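A short worksheet on the structure shown next.
Everything quoted here is computed from the prediction, not taken from an experiment. One is the number of the first residue; the rest follow in order along the sequence. These values consider heavy atoms only, across backbone and side chains, with no hydrogens, waters or symmetry-generated copies. Whatever order the structure lists them in is the order used to number ligands and atoms, beginning at 1.
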Amino acid sequence: MTREEAWELLTEYNKEEFHLEHAQIVENTMKYFAQKLGYGEEKEFWGLVGLLHDLDFEQYPEEHCIKSQEIMKERGLEERLIHATASHGYAITVDIEPVHEMEKVLYAVDELTGLIGAVVLMRPSKSVQDLKVKSVKKKFKSKNFAAGCSREVIQRGADMLGWTLDDLIAQTIEALKTFQE
Ligand SMILES: [Fe+2]
């Protein structure tokens, strides 16, 4: 599957700007981590997983990560793409455990990029460039801030990777800095 084909599929099921933006943020974050963690040759694939991970969310929020498997199977997409995208719903809507390091990264950064994005919006500079880990940690602990970003999922993702929360946040800020203002 090419990036262009993935974008066509994504925009067939997603019309809201917020969702398209989230998809691209996770796509670019995944590509950063592929390179960083020694999977440079699979960078494009990691990007596709990021781009398509929420394929079904806009239209089928109740069947998130379930409906997307059906859609992808119908389109004849490869099994590892289906497994990787669906596994970010582990312990939420599906019982598909993240196995590959790529899947664990997706699990960890999906909600975290949202939280960091919300922190950035609160800043006078509206920039991620000089954002510090401690600013994100503070908002992480403040349960009412961006309450939709599950702290439990972020922490579980860090645990799966065997990284500390601070390290996960630091790495994700570095990822965002490479493509955001
Ligand atoms: Fe997502």
Quiz item: Can you find a heavy atom in the side chain of Leu115 that is under 4.5 Å from one in the side chain of Phe145?
Solution: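 They are in side-chain contact.
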Exercise. Could you confirm whether His22 has any N/O/S atom lying under 2.8 Å from the Fe ion (ligand 1)?
Key: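 A backbone or side-chain N, O or S atom of His22 is under 2.8 Å from the Fe ion (ligand 1).
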Self-check item: Polar contact flag, side-chain donor to acceptor under 3.5 angstrom, Asn28-Gln24
Solution: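 Judged by distance alone, the side chains do not pair up.
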Self-check item: Residues Tyr90 and Glu103: side-chain donor-acceptor under 3.5 angstrom
Solution: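 No, no side-chain donor-acceptor pair sits under 3.5 Å.
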Quiz item: Which atom, counting only N, O or S, brings Asp54 closest to the Fe ion (ligand 1)?
Solution: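 Result for Asp54 and the Fe ion (ligand 1): OD2.
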Self-check item: Ring centre gap for His22 and Phe57 strictly below 6.0 Å
Solution: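 No, the ring centres sit 6.0 Å or more apart.
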Practice problem: Have a look at the Fe ion (ligand 1) and estimate, to 10 degrees, the angle subtended by NE2 (His53) and OD1 (Asp110). | Solution: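 That angle works out to 100° after rounding to 10°.
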